[in-house]
Protein chains: 2
Amino acid sequence: MITIARQGTFRITMTKLTRKQQIDKQAAVLFKTKGYAASSMRDLAQVLGIEAASLYSHIKSKEEILRRICFRMAEAFFTAQKQIESLHSEPKLQLKKAMAVHLKVIAGSVDEAAVFFHEWRHLSEPYLSEFLVMRTDYERKFIAILEQGIATKVFRAVDAKLTAMTILSAINWVHRWYRSDGKLSIEQISEQLAEMMIRGVKS
Amino acid sequence: MITIARQGTFRITMTKLTRKQQIDKQAAVLFKTKGYAASSMRDLAQVLGIEAASLYSHIKSKEEILRRICFRMAEAFFTAQKQIESLHSEPKLQLKKAMAVHLKVIAGSVDEAAVFFHEWRHLSEPYLSEFLVMRTDYERKFIAILEQGIATKVFRAVDAKLTAMTILSAINWVHRWYRSDGKLSIEQISEQLAEMMIRGVKS
DNA sequence: CCTACCGATCGGTAGG
DNA sequence: CCTACCGATCGGTAGG
């Protein structure tokens, strides 16, 4: 399987995407703006300048597209998280880095991130369950960082789960308005949010 | 027009809702779980134990239900915000109270809040534009509180808009998991979140 | 990648 | 509130 990082570079360095990649990309844009259920295969075909029936030479079904987008993003988030896990830094720095890599993944694929955050519920079983398990696993890492910080008295005695989810909701929300050509770079946003959250929880 | 506060009490004190109110309530539950576009009038009718066609003696269209839910929530948020505006407290307390009343509105109508936050994009014009203007107006109040705090040096020199939106995303996320019978009361959640956010922005 | 088409389901109406 | 039904649109297939 192609890794997200490789594919991200691919997308930036050259504009020549395969038809399947074009379908996934335009589907992400469409699903983000109209929602999965309200987006028709005819809408998607029109954006690509082909007939709806022609889409099926490249894909199996509408849901398969959604599946690819959701699981590819999940993989990207996990890959990013694994990279910071090996660092074994102290809780504050670990939280800051976890936020930074998470935001970097979002910034690299805003449309896909929006689909990941809002359209996953249209996945059918067993994919839906698999997706939710992965998401919970991912969130657990943030909770663990908080708990470790609380145990070592670096952080106040906050509710670890409530706080972790609050931090995640704050950074996830960035996908709604972030533009790579905006006045704030993703690093600046990351810096400000980490500063705010760490001040919020430190002893 | 009936105010939200009145209606909230109504809903708690007696179970006898008009058919139209039952439709709105069940539609909110349905739209929250399946999404507006994926929810059919036949789904809604089934929950109510009637035929789909029968819904139309009480409502004009599917979108009219969505409209009522979204604008009723908007009204509730505004009513709550106006109440704290008259207090003229200092920025920290003002922020804390703005967060508290916002969370109280969410806790009072979790299903409707979910629809308000996620399904508004299915509104057609001119309602969509009207909705977005109201939302921006509401958010502006949070930005103003931040700006005032920064100007009086009570808060650090953060980006007021980024910070206000971060706070809003953190408190809006509560609707996804809050249960009135959960271990944390809405007042406790409100207290913890306000503490964290104020520590995050204070000088 | 297209034309031609399918059965299913959609929101909604007529008339009682 | 129901039966009966509508035109439109949906995801997807057959066959080239």
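Being a predicted model, the structure only gives us computed values, none of them experimental. Each chain gets a letter, A, B and so on, in the order its sequence line appears, and its residues count up from 1.
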Can you list everything that forms a salt bridge (Lys or Arg N to Asp or Glu O under 4.0 Å) with A/Glu139? Sequence neighbours excluded, please.
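By the salt bridge (Lys or Arg N to Asp or Glu O under 4.0 Å) rule, A/Glu139 matches A/Arg135.
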Within residues 87-100 of chain B or reaching into it, pairs that qualify as side chain to side chain donor-acceptor pair (under 3.5 Å) - sequence neighbours excluded
B/Lys96-B/Glu191
To the side chain of B/Arg19, which of D/dT3, D/dC1, C/dC1 is closest?
D/dC1
Could you pull out all residues at least two apart from A/Arg67 that satisfy salt bridge (Lys or Arg N to Asp or Glu O under 4.0 Å)?
A/Glu63
For B/Asp43 and C/dC10, what is the distance between atoms CG and P respectively, to the nearest whole Å?
7 Å
Assess whether side-chain contact (heavy atoms from CB on, under 4.5 Å) is satisfied between A/Arg19 and A/Gln22, documenting all intermediate values.
CA-CA 5 Å; A/Arg19 228 349 37 146; A/Gln22 283 179 47; 3.1 Å; yes
What is the distance, to the nearest angstrom, from the CD atom on B/Glu51 to the C1' atom on C/dG11?
15 Å
Would you indicate, yes or no, if C/dC10 has its OP1 or OP2 atom less than 4.0 angstrom from a side-chain nitrogen or oxygen of B/Ser40?
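Indeed, a polar side-chain atom of B/Ser40 lies that close.
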Atom NE2 of B/His122 to atom C1' of C/dG11: distance rounded to whole Å?
15 Å
Test: ring pair (Phe, Tyr, Trp, His ring centres under 6.0 Å). Region: residues 38-62 of chain A. Which pairs qualify, not counting sequence neighbours?
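Of all non-adjacent pairs touching residues 38-62 of chain A, none passes ring pair (Phe, Tyr, Trp, His ring centres under 6.0 Å).
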Below 3.5 Å is the cut-off: list the nitrogen or oxygen pairs between protein and nucleotides 12-16 of chain C, distance only.
from	atom 1	to	atom 2	distance (Å)
C/dG12	OP2	B/Tyr56	OH	2.9
C/dG12	OP2	B/Lys62	N	2.8

Tell me: CD of A/Gln22 to C1' of C/dC1, nearest whole Å?
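Answer to the nearest Å: 14 Å.
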Please give, in whole Å, the distance from D/dT9 C1' to A/Lys34 NZ?
12 Å
Sorted by chain and number, sequence neighbours left out, ring-ring contact (aromatic ring centres under 6.0 Å, His included) with A/Phe116 holds for A/Phe77, A/Phe131
Please check this pair: side chain of A/Gln26 against backbone of A/Leu30, looking for a donor-acceptor N/O pair closer than 3.5 Å.
no
Pairs meeting criterion side chain to side chain donor-acceptor pair (under 3.5 Å) with involvement of residues 31-49 of chain B, two or more places apart
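Sorted result for residues 31-49 of chain B: B/Lys34-B/Asp43, B/Ser40-B/Asp43.
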Taking Watson-Crick and G-U wobble contacts under 3.5 angstrom, with | marking pairs to another strand and [ ] crossing pairs, the secondary structure of DNA chain C is written ||||||||||||||||
Which atom pairs, one a donor and one an acceptor, fall under 3.5 Å between side chains of residues 160-169 of chain A and the rest of the protein, sequence neighbours left out?
from	atom 1	to	atom 2	distance (Å)
A/Thr163	OG1	A/Asp159	O	2.7
A/Thr166	OG1	A/Leu162	O	2.7
A/Ser169	OG	A/Thr166	O	2.9

Using whole Å, report how far CG of A/Leu30 lies from P of D/dC10.
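Between P of D/dC10 and CG of A/Leu30: 11 Å.
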